[in-house]
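Proteins get letters first, then strands, A, B, ... in listed order; numbering begins at 1 in each.
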There are 2 protein chains.
Amino acid sequence: MQKAAIEKNNEMIAAQLTPVGRETVQDRVYSELRRALIGGLFEPSQVLTIRGLADALVTSTMPVREALGRLITEKALEALPNRSVRVPPITLERIDDLLRARSLIEGEAIALAATRMNPRQIASVEAMLGEWDEMRALKHKKDIDREATLNQSFHFEIYRCCGSAVLIPMIESLWLQSGPCIRVAIYAFSDAGEVDTAHYHRSIVAALSRQDAQAAREALVADISRPFAFLRDKLQSTSKEG
Amino acid sequence: MQKAAIEKNNEMIAAQLTPVGRETVQDRVYSELRRALIGGLFEPSQVLTIRGLADALVTSTMPVREALGRLITEKALEALPNRSVRVPPITLERIDDLLRARSLIEGEAIALAATRMNPRQIASVEAMLGEWDEMRALKHKKDIDREATLNQSFHFEIYRCCGSAVLIPMIESLWLQSGPCIRVAIYAFSDAGEVDTAHYHRSIVAALSRQDAQAAREALVADISRPFAFLRDKLQSTSKEG
DNA sequence: TCAAAGCAAGCGTGATCACAAATCAAATCA
DNA sequence: TGATTTGATTTGTGATCACGCTTGCTTTGA
């Protein structure tokens, strides 16, 4: 019986190769649409069609319609009575509603994380802060996409430490819902002049490293409130004009 | 121009007829699976197949697969790496996780509702309490399904008053996730002898009627903690035996 | 000239088929 | 006898087609 030898050979092969994964087309479509939504590539109130997306993503309609259905159930998209689907429009009530929910849930997640993060994990998110500064130093403005991605990684790296398999998907859903709104605010930001966003993130990391759950929660709420407050003002002024 | 006459005739017709609705097969399948999940008709860890459900619901596979996909994204079902889908199993961590999330979010919802409910709405949920007592008086035990339905109506009637279009879908998702777990506990309840559940609901209504948000939150948390705590003890004792 | 009817293109929905992966059972070999 | 392999059945996934609804434009009639 050369069972052991075969086993060893397989292990050698396994060490060289990297798993190819079994992602379905539907999963890729779903991920791509999520990315687009969080990244603000779609405008609020924009209507999406199955065939149009299928053409753009170079697949058939089948994976797209299932991905759209999933995004509708998590309120990232909206099903109109006409049976067409669109990106939810921005309203003042919705902005306040989203901010309240995010403060509540992400606040709880970071408070939990503050009591559970080990030094290794804290060092990891602290390192992201440095990477951030480098990027900012190099190209004074621009590259909003890269900054947004980094911001997302920063937040979820922390949230993952809260140890809740229930809260994290909810937070993802909230980011999905607020993505299109936030992006509108961010773009307006970069026109209106930069604000020191790094300051908030430093406060968060500082609170985490001394395991101060309450301070972490407050710093986080201040961080996520910023774009919402900006968007709120912008919306109110435009509605006055109209 | 007999426009006014035509208009009047149309109104008369509309008064007689009731809208026929435009629910798709997929929607019906989704609702039915939701009902089954919250009602605990499926056991934890039970595997569901598309064709099996399609046969049981007397449709084709298409509406079922889309409904399953939607339920998977809201974590009401679980996609295994084998690509089969099952009802999520019960674990101690999951129970604590769900209870924490529900206390947080439903607690916030009821606190908001406490400040916003008008006398009309309060009277409505108070009336449900009476209906409850009647049912309980008639058939001493039994009819758990009816009681569960009433309980669900009671809670969501309150939550709807919180005025948040973001929180309510999240609460629905949480009920969906905890449905199978809760049902296991409820059935064990009715064996172990009834507890006075009406007491908690009276406390909730009392707090709401004097607009005491904090008391309402505490009464609610006590109410939803009960089956979770019971289930928790049951799980711990069985794991000791095994 | 303008509103209403009619028509055509586009869309979502559901059914069916083809294919590949997984599962289970019988058959095979050591 | 017990582990392995082989083959048949079942399952999920994706593509395609047919049907009915919606929408926008043209045409018709007053």
Side-chain angles (χ1 to χ4, degrees), chain A residues 1-10 17 19-33 42 45-73 76-88, chain B residues 1-11 13 17 19-33 42 45-73 76-88:
Chain A
M1 192 196 290
Q2 39 181 327
K3 213 168 154 187
I6 292 175
E7 185 70 16
K8 196 186 167 194
N9 185 28
N10 287 345
L17 266 35
V20 74
R22 309 176 8 95
E23 205 181 27
T24 64
V25 177
Q26 181 191 151
D27 291 334
R28 280 198 295 277
V29 171
Y30 178 69
S31 302
E32 187 63 17
L33 291 181
F42 298 136
S45 300
Q46 182 177 352
V47 173
L48 304 177
T49 67
I50 294 180
R51 285 176 171 93
L53 290 173
D55 289 348
L57 297 167
V58 196
T59 44
S60 74
T61 62
M62 185 60 59
V64 174
R65 58 198 273 189
E66 305 201 337
L68 285 187
R70 292 169 65 180
L71 289 168
I72 289 170
T73 67
L77 293 176
E78 192 180 19
L80 273 58
N82 326 340
R83 307 217 158 150
S84 60
V85 9
R86 69 169 177 187
V87 180
Chain B
M1 191 195 292
Q2 40 179 326
K3 211 168 157 188
I6 293 174
E7 185 70 15
K8 196 190 171 195
N9 185 28
N10 287 345
E11 276 176 19
I13 294 176
L17 267 36
V20 74
R22 311 175 9 94
E23 206 182 24
T24 64
V25 176
Q26 182 192 151
D27 291 334
R28 280 197 295 276
V29 171
Y30 177 71
S31 301
E32 187 61 18
L33 291 180
F42 299 136
S45 299
Q46 181 177 353
V47 173
L48 305 178
T49 66
I50 294 179
R51 285 178 173 91
L53 290 173
D55 288 349
L57 297 167
V58 196
T59 44
S60 74
T61 62
M62 185 62 59
V64 175
R65 58 199 275 192
E66 304 200 336
L68 285 186
R70 292 169 65 180
L71 289 167
I72 289 170
T73 65
L77 294 175
E78 191 179 21
L80 274 58
N82 326 340
R83 307 213 159 151
S84 60
V85 9
R86 69 170 177 186
V87 181

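If you check C:dC29 for Watson-Crick or wobble pairing at under 3.5 angstrom, you find it paired to D:dG2.
For the pair A:Leu53 CG and C:dG12 C1', the interatomic distance rounds to 13 Å; values are reported in whole Å. A straight line from CG of A:Leu68 to P of C:dG14 spans 15 Å, rounded to a whole angstrom. Computed from coordinates, the A:Arg86 CZ to C:dC11 P distance equals 18 Å when rounded to whole Å. Distance, B:Ile72 CD1 to D:dT13 P: 8 Å, rounded to whole Å. Atom pair A:Leu77:CG and C:dG12:P shows a separation of 12 Å (rounding to whole Å applied). To the nearest angstrom, P of D:dT10 lies 19 Å from CG of B:Leu48. Atoms CD (B:Gln26) and C1' (C:dG14) sit 10 Å apart, rounded to a whole Å. Atom CG of A:Leu80 and atom C1' of C:dG10 are 17 Å apart (whole Å).
Counting any heavy atom pair closer than 4.0 Å across all strands shown, B:Ser84 reaches no nucleic acid atom. Within 4.0 Å (heavy atoms only), A:Thr61 reaches at least one base atom of the nucleic acid. In this structure, B:Arg51 reaches the bases: a heavy-atom distance under 4.0 Å links it to at least one base atom across the strands shown.
In terms of phosphate contacts, A:Arg65 brings no side-chain nitrogen or oxygen within less than 4.0 Å of OP1 or OP2 of D:dG14. For D:dT23, one of the phosphate oxygens OP1 or OP2 lies less than 4.0 angstrom from a side-chain nitrogen or oxygen of A:Asn82.
Across all non-hydrogen atoms, the minimal contact from A:Ile50 to A:Leu68 is CG1-CD1, 3.7 Å. Residue A:Glu23 comes nearest to A:Ser31 through the heavy atom pair OE2-OG, 4.2 Å, listed as atom of the first residue, atom of the second, then distance. Closest heavy-atom contact between A:Pro81 and B:Arg22: O-NH2, 3.2 Å. Among all heavy-atom pairs drawn from A:Ala76 and A:Pro88, the shortest one is O-CD, 3.3 Å.
A salt bridge is defined here as a Lys NZ or Arg NE, NH1 or NH2 lying under 4.0 Å from an Asp or Glu carboxylate O, and A:Asp27 with A:Arg70 meets this definition.
Of the candidate nucleotides D:dA15, D:dG14, C:dG12, D:dG14 has the atom nearest to the side chain of A:Thr24. Relative to the side chain of A:Met62, the nucleotides C:dT13, D:dA15, D:dG12 differ in distance, and D:dA15 lies closest. The side chain of A:Ile50 lies closest to C:dG12 when the candidates are D:dT13, C:dG12, C:dG14.
Comparing A:Pro81 and A:Val25 against DNA chain D, the residue whose closest nucleotide sits nearer the 5' end is A:Val25.
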